[in-house]
> 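Once you've had a glance at the structure underneath, I'll fire off some questions.
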Amino acid sequence: MKLEKLSKTALYTCIGIGVVCFALFFLVDYSNMDFDGVHVSPALTDLILILMYALFVVTAGLTIWSLIRGGMVNSGNNGPSPTGIAGGKVALCTWGAVIVALVIGLVAGMGEEPYTTNSGVTTSAGMVTVVDMWLWAIYILAIVAIIAVVVSMSGYLTKSATPKE
């Protein structure tokens, strides 16, 4: 239970930091005009970029830690899961969803044109395709994650795995 409390605290802390950062981003000098007088250049764009990099590093670190810990805890454990949920199948479905989302994103982003900014910096068509691929994958995986959270919160999986007396 201690680990569950720590997990909830970390989740709520991350959500709180994200909400505060986005509120500051939208509320503090958001209508700051760029050099050309047409495009908006919010004052706290760097704050959002730092937040995204930090969340990426934290997520990557926790993913690696979870894989290592899960491998160590489950090594040699061939019995049924106490919750009745097959962890191997969940992991396989998760990796499959990631790969499918990336393939869909790559196909959807094919044929993109190079992007040139107002300052004359050009991004190659390949990089625009890669960015589009990741954006599509993020959208797809976010929807899958929301569905998984709703199903998990409903308790359907644990109820169906509990033996009836």
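Scope of the values below: all heavy atoms of this structure, side chains included, with no hydrogens, waters or symmetry mates. A quick note: this is a predicted structure, and the numbers were derived from the prediction, not measured.
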> Can you tell me how far apart CD1 (Ile64) and OG1 (Thr59) are? Round to the nearest 0.5 Å.
11.0 Å
> Treating Ile, Leu, Val, Met, Phe, Trp and Tyr as nodes and any side-chain heavy-atom pair under 4.5 angstrom as an edge, say whether Trp136 and Val144 lie in one connected cluster.
no
> Would you say that Phe22 contacts Leu51 through its side chain, given a criterion of any heavy-atom pair below 4.5 Å between the two side chains?
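With C-beta onward as the side chain, the pair touches.
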> Applying a strict under-4.5 Å side-chain criterion to I, L, V, M, F, W and Y, I'd like to know whether Val20 and Leu47 cluster together.
yes
> Is there a chain of hydrophobic side chains (I, L, V, M, F, W, Y, each step under 4.5 Å between heavy atoms) that links Val107 to Ile138?
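No, Val107 and Ile138 fall in different hydrophobic clusters.
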> Nearest 0.5 Å, what's the NZ-OG1 distance between Lys8 and Thr13?
13.5 Å
> Where do Ala101 and Ile140 come nearest, in terms of heavy atoms and distance?
CB-CG2, 3.9 Å
> Less than 4.5 Å apart, any side-chain heavy atom of Leu49 and any of Asp46?
yes
> Could you check if a side-chain atom of Leu106 sits within less than 4.5 angstrom of a side-chain atom of Leu102, using non-hydrogen atoms only?
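Not in contact.
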> Counting C-beta onward and ignoring hydrogens, is there a side-chain heavy-atom pair between Ile48 and Leu44 closer than 4.5 Å?
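Side-chain contact under 4.5 Å: no.
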> For the hydrophobic clusters of this structure (ILVMFWY residues joined by side-chain heavy atoms under 4.5 Å, transitively), does one cluster hold both Trp134 and Val58?
no
> Same cluster or not: are Ile143 and Val151 linked, directly or through other Ile, Leu, Val, Met, Phe, Trp or Tyr residues, by side-chain heavy atoms under 4.5 angstrom apart?
yes
